[in-house]
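Taking it in order: structure first as structure tokens, then the write-up.
Below, chains carry the letters A, B, ... as their sequence lines are ordered, and counting in each starts from 1. Just so you know, these numbers use all the heavy atoms, side chains as well, and skip hydrogens, waters and symmetry mates.
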Amino acid sequence: DAGVIQSPRHEVTEMGQEVTLRCKPISGHDYLFWYRQTMMRGLELLIYFNNNVPIDDSGMPEDRFSAKMPNASFSTLKIQPSEPRDSAVYFCASSHLRGTGELFFGEGSRLTVL
Amino acid sequence: QQPVQSPQAVILREGEDAVINCSSSKALYSVHWYRQKHGEAPVFLMILLKGGEQKGHEKISASFNEKKQQSSLYLTASQLSYSGTYFCGTALMEYGNKLVFGAGTILRVKS
């Protein structure tokens, strides 16, 4: 079975540009999480969804960040406008309510904002 | 709410043992352990649930002290493949609530 699929794997953009990161969770998983990883702040939870509904977005840094999950197989994380401090690796992870609770992570999207 | 991990880093020789600790100031429902190798995504190792249930794999074990809100990960007879950064993640409520990760413990196993 395919794991969590993220795109793009690498994104280099200039400050002020819009960035959209995409995630396809594992089929049948009820939960989807977006994490951001930096050396300074480690793995931060930005937002998570249950059955496509956002449950907790308290980790979203500011209004420049938004996330959607229009259906069970697709989610986006958008940054508009982007800033250099947004440079990080963004991970998407999914899990199944009736499973062990294990999070399955995608390979991540490395974002560099110049 | 972020759990505290210790030590920050440890260097071992093959065959040596290591213990990584994770503690929280809040009452926990579960503790997760993940390992991340450089340039890769975190990979699940173990979950410990309130009530003592434990699930995991490999030659790695863990404990969960509910009274102290502490968990420890035990790596015995370490192998080169154990090198990486270990993260504990804690959930304050039953499964489905947000999983918050500690800062990580860098483990390096030398031959």
Spacing of B/Tyr34 atom OH and A/Leu43 atom CG [to the nearest 0.5 Å]: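 Separation between the atoms: 10.5 Å.
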
Measure the spacing between CG of B/Leu99 and CD of A/Glu102 and express it to the nearest 0.5 Å.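 Those atoms lie 11.5 Å apart.
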
Kindly state whether the ring of B/Phe44 and the ring of A/Phe105 have centres lying under 6.0 angstrom apart.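 When the ring centroids of B/Phe44 and A/Phe105 are compared, they turn out to be at least 6.0 Å apart.
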
Between B/Pro42 and A/Tyr35, is there a side-chain heavy-atom distance shorter than 4.5 Å?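 No - every pair of side-chain heavy atoms lies 4.5 Å or more apart.
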
Would you indicate whether [X], at its atom [atom1], is surrounded by more than 12 heavy atoms from other residues, nucleotides or ligands within a distance under 6.0 Å?
X	atom1	value
B/Lys37	NZ	yes
B/Gln8	CD	no
B/Arg13	CZ	no
A/Arg64	CZ	yes
A/Glu107	CD	no
B/Asp17	CG	yes

Heavy-atom pair count under 4.5 Å with chain B, highest-scoring of A/Ile47, A/Val4, A/Asn50, A/Leu45: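 Among the listed options, the one with the most contacts to chain B is A/Leu45.
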
Can you name the nearest heavy-atom pair linking B/Ala41 to A/Gly106, along with the distance?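 Nearest heavy atoms, B/Ala41 then A/Gly106: CB-O, 3.0 Å.
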
Derivation and outcome, side-chain contact (heavy atoms from CB on, under 4.5 Å), residues A/Gln37 and B/Phe101: CA-CA 11 Å; A/Gln37 186 173 37; B/Phe101 286 95; over 6 Å; no

